[in-house]
Colleague: 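This structure is in structure tokens; I'll ask about it shortly.
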Amino acid sequence: MSNESSDSEDSSLHLSHLSSSSDEQDDRLENDEPDIGPIGKLPYQFEPLAEEPDNDLQWCCCGRCRLMPTLPESRCCRETDKVNERREEAGANCITEHDGFEPICLNEHVLRVAYFQYRQQYGPRQGHEINEQYIYTAYWQFVRWCWGFLGRQVRVPLPSCAVCQIRDKFASEENVGFQYPPLH
């Protein structure tokens with residue numbers, strides 16, 4: 001009991017030195033009530049630091065992932081519900097082993113036709129070499145295959161195993177990885 005009371009005294013002393021000296025704020029801190037502003041509860045004020053990806057592949061469950069430069073890219077096909085559902089329908093260990101992955105995401109003829117569909121719907125992608133167009137179209141095909149239609153500005157991080165398989169097939173010097181869309 002004495003440890004509990006000294007712990008609570010330490011935490012209230014720590015919290016009270018951060019607050020102003022008004023009695024109302026001190027009472028709220030001691031009672032562990034949330035801080036209420038003029039429009040209700042205040043939002044979380046201290047964003048956590050961005051995490052760096054681990055230097056190992058403990059997050060990979062399929063055995064085909066590779067280390068990726070960012071945390072959102074460091075995901076396995078078994079971690080994403082829609083991709084995992086597609087993987088399970090074929091009983092494959094990895095989405096890249098699914099019978100549909102190669103014809104949908106790696107076949108140049110299919111990707112060329114898919115790019116024409118993309119270009120008709122959204123317009124041509126300007127200033128990109130052919131390998132980058134194949135890679136982008138393969139990503140687009142993968143999303144269509146697993147999620148259906150997301151919308152033009154909606155982005156989802158793709159699993160490392162699928163991204164690496166696509167990049168290996170259509171190697172380009174300018175692969176940049178997953179990026180959220182720019183804010184306009």
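Bear in mind the structure is a predicted one, so any value in this text is a computation, not a measurement.
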Colleague: Are the side chains of Q133 and F170 in contact, using a 4.5 Å heavy-atom criterion?
Modeller: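 Result no, sub-4.5 Å side-chain heavy-atom pair not found.
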
Colleague: Is there a chain of hydrophobic side chains (I, L, V, M, F, W, Y, each step under 4.5 Å between heavy atoms) that links W145 to Y134?
Modeller: yes

Colleague: Report yes or no: do F149 and V113 belong to one cluster of Ile/Leu/Val/Met/Phe/Trp/Tyr joined by side chain heavy-atom distances under 4.5 Å?
Modeller: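 No, F149 and V113 fall in different hydrophobic clusters.
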
Colleague: How long is the span from the OG1 atom in T137 to the CD atom in Q117, to the nearest 0.5 Å?
Modeller: 11.5 Å

Colleague: I need the minimum non-hydrogen distance between L158 and R75, along with the two atoms involved.
Modeller: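 That closest heavy-atom pairing would be O-CG, 3.9 Å.
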
Colleague: Salt bridge check: are R86 and D81 linked by an N-O gap of less than 4.0 Å?
Modeller: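 No, no charged N to carboxylate O under 4.0 Å.
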
Colleague: Please step through side chain to side chain contact (heavy atoms under 4.5 Å, CB included) for the pair C161 and I95, ending with a clear verdict.
Modeller: CA-CA 8 Å; C161 44; I95 192 67; 4.1 Å; yes

Colleague: Measuring from E73:CD to C65:SG, what's the distance to the nearest 0.5 Å?
Modeller: 12.0 Å

Colleague: When you look at V143 and K82, which way does the side chain to side chain contact (heavy atoms under 4.5 Å, CB included) test go after all the steps?
Modeller: CA-CA 9 Å; V143 169; K82 294 290 187 182; over 6 Å; no

Colleague: Atom CD of E89 and atom NE2 of H98: how far apart are they, to the nearest 0.5 Å?
Modeller: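 Result: 4.0 Å between the selected atoms.
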
Colleague: For atom CG of D168, is the number of surrounding heavy atoms from other residues, nucleotides or ligands below 6.0 Å larger than 12?
Modeller: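 Enclosed.
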
Colleague: Could you pull out the closest heavy-atom pair between R87 and A92, with the gap in Å?
Modeller: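 Closest approach of R87 to A92: NH1-O, 2.6 Å.
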
Colleague: State yes or no: do F142 and L150 share one hydrophobic cluster built from I, L, V, M, F, W and Y residues joined by side-chain heavy-atom distances below 4.5 Å, directly or via other members?
Modeller: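 Shared cluster, yes.
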
Colleague: May I ask you to test the V163-M68 pair for a side-chain heavy-atom distance under 4.5 Å?
Modeller: yes

Colleague: Applying a strict under-4.5 Å side-chain criterion to I, L, V, M, F, W and Y, I'd like to know whether Y118 and V110 cluster together.
Modeller: no

Colleague: Regarding R167 and Y139, do their side chains bring together a donor and an acceptor under 3.5 Å, going by distance alone?
Modeller: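 The answer is yes; a qualifying pair exists.
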
Colleague: With side chains defined as the heavy atoms from C-beta onward, is the minimum distance between P159 and C76 less than 4.5 Å?
Modeller: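 They are not in contact (no side-chain heavy atoms under 4.5 Å apart), so the answer is no.
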
Colleague: Could you give me the CA-CA distance, side-chain angles and deciding distance for R112 and N107, then say whether side-chain hydrogen bond (donor to acceptor under 3.5 Å, both in side chains) is met?
Modeller: CA-CA 9 Å; R112 190 174 302 124; N107 185 297; over 6 Å; no

Colleague: Quick one: NZ on K169 to CD1 on I135, what's the gap to the nearest 0.5 Å?
Modeller: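 The distance works out to 12.0 Å.
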
Colleague: Could you walk me through whether F101 and C94 pass side chain to side chain contact (heavy atoms under 4.5 Å, CB included), step by step?
Modeller: CA-CA 10 Å; F101 183 80; C94 176; over 6 Å; no

Colleague: Apply side chain to side chain contact (heavy atoms under 4.5 Å, CB included) to the pair T80 and W147, showing each step before the final yes or no.
Modeller: CA-CA 11 Å; T80 307; W147 281 272; 3.4 Å; yes

Colleague: For the side chain of N84 and the backbone of E79, is there at least one donor-acceptor N/O pair under 3.5 Å apart?
Modeller: no

Colleague: Please round to the nearest 0.5 Å and tell me the distance separating atom SG of C105 and atom CG of L111.
Modeller: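 Between C105 SG and L111 CG, I get 7.5 Å after rounding to 0.5 Å.
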
Colleague: To the nearest 0.5 Å, what is the distance between CD on Q141 and SG on C146?
Modeller: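 Rounded to the nearest 0.5 Å, the CD-SG separation comes to 11.0 Å.
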
Colleague: With distance as the sole criterion, is a donor-acceptor pair present between the side chains of R64 and T96 under 3.5 Å?
Modeller: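 R64 vs T96: donor-acceptor pair found between side chains.
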
